[in-house]
Amino acid sequence: MKLRFLGKNSTVGDCPTLYATDRDTYLVQGWKIFANDLLTQLEIPEGETAVEVPTELFEHLVKDGLPAGEVRRIEDPIMILTPGGTFVVQGREVTDIEALAQMEIPDYETVVEVSKPAITALLEEPHGADLQRRAQPAL
């Protein structure tokens, strides 16, 4: 799998990153989820996992020719908008050694692969769906 770096949202020690692939997918590198309150809200099938990323990460989609990367709806693959202003993104866990070798992944992060059409759909205006409908209350 070939990757094209789109961008990252870095602060010291944090580096969620977004890549486009040659397979019409995106790789979303983000923080592993350890918080039980989030994990209990997810139904993660075998071979998939979830990562937490800042909402601003998707602004880098403009570098792939998409309109402004403002997510307008919460549905697969974005599962939760947290009170802290982050998204929980679910997708196939990336195990491709060639792809992983192209990234710097700290121990507290992992990478999920999601289809380009699924991400693109999140940027469209909701049709009767409320962006906050799956927002989680502060704990």
Side-chain angles (χ1 to χ4, degrees):
M1 173 185 334
K2 294 187 191 304
L3 305 183
R4 186 167 42 86
F5 174 80
L6 295 179
K8 63 181 1 185
N9 290 76
S10 274
T11 58
V12 177
D14 296 331
C15 44
T17 309
L18 185 63
Y19 299 90
T21 75
D22 61 348
R23 301 182 344 173
D24 204 30
T25 61
Y26 291 107
L27 299 188
V28 181
Q29 177 182 335
W31 304 298
K32 292 179 182 177
I33 299 172
F34 297 105
N36 282 336
D37 57 317
L38 286 179
L39 290 173
T40 59
Q41 297 173 48
L42 300 172
E43 291 182 29
I44 302 175
E46 184 77 28
E48 291 194 5
T49 193
V51 295
E52 186 175 357
V53 297
T55 56
E56 299 82 16
L57 183 65
F58 293 100
E59 293 172 2
H60 297 293
L61 291 170
V62 297
K63 299 171 188 167
D64 197 40
L66 296 179
E70 180 183 343
V71 173
R72 300 178 182 275
R73 50 175 51 173
I74 303 295
E75 58 188 45
D76 290 342
I78 293 182
M79 305 306 294
I80 297 171
L81 171 62
T82 71
T86 60
F87 287 134
V88 173
V89 181
Q90 185 173 320
R92 287 188 314 263
E93 186 169 11
V94 176
T95 58
D96 181 300
I97 294 172
E98 179 184 322
L100 294 171
Q102 298 174 63
M103 299 180 263
E104 291 182 32
I105 307 169
D107 290 343
Y108 54 86
E109 292 186 351
T110 193
V111 183
V112 298
E113 183 175 17
V114 294
S115 75
K116 186 173 185 174
I119 293 291
T120 302
L122 300 175
L123 306 177
E124 298 170 357
E125 285 293 331
H127 301 286
D130 175 14
L131 180 62
Q132 297 297 318
R133 72 182 167 85
R134 293 182 68 183
Q136 303 303 312
L139 298 175

Drop me the distance from M1's CE to I97's CD1, to the nearest 0.5 angstrom.
11.5 Å
Using side-chain heavy atoms (C-beta onward) and a distance below 4.5 Å, is L6 in contact with R4?
yes
Tell me, do K116 and D64 make a side-chain contact under 4.5 Å, heavy atoms counted?
yes
Under a 4.5 Å cut-off applied to non-hydrogen side-chain atoms, are F87 and P77 in contact?
no
So M103 and L27, do their side chains get closer than 4.5 Å, heavy atoms only?
yes
Joint hydrophobic cluster, V114 plus Y19, side-chain heavy atoms closer than 4.5 Å
no
Check for me, please, whether L61 and V112 land in the same ILVMFWY cluster - side-chain distances under 4.5 Å, paths through other members count.
yes
Any side-chain heavy atom of H60 within less than 4.5 Å of one from N9?
yes
Side chain E93, main chain T110, donor-acceptor under 3.5 Å:
no
Enter the distance from E43:CD to E48:CD here, rounded to the nearest 0.5 Å.
11.5 Å
Atom CG in D96, atom CG in L3: separation rounded to 0.5 Å?
8.0 Å
Any side-chain heavy-atom pair from V28 and V111 closer than 4.5 angstrom?
no
To check you understand the geometry: which heavy-atom pair defines the closest contact between V88 and A50, and what is its length?
CG1-CB, 3.9 Å
In terms of heavy-atom contacts, P16 and L57 come closest through O-CD1, 3.6 Å
Separation of I105 CD1 from L100 CG (nearest 0.5 Å):
5.0 Å
Could you state the interatomic distance from OG1 (T55) to CG (L81), rounded to the nearest 0.5 Å?
7.5 Å
Indicate yes or no: at least one non-hydrogen side-chain atom of F58 is less than 4.5 angstrom from one of V89.
yes
Just wondering, are more than 12 heavy atoms of other shown residues or ligands nearer than 6.0 Å to NZ in K32?
yes
Grouping I, L, V, M, F, W and Y whenever their side-chain heavy atoms are under 4.5 Å apart, do F5 and Y26 come out in a common cluster?
no
With distance as the sole test, does T17 use its side chain to make a donor-acceptor pair with the main-chain N or O of C15 at under 3.5 Å?
yes
In terms of hydrophobic clustering (I, L, V, M, F, W, Y; side-chain heavy atoms under 4.5 Å; direct or indirect links), are V94 and L18 co-clustered?
no
Is the side chain of Q29 donor-acceptor paired with the backbone N or O of E109 at a distance under 3.5 Å, no angle test?
no
CZ (R92) and OG1 (T25) are apart, to the nearest 0.5 Å, by 6.5 Å
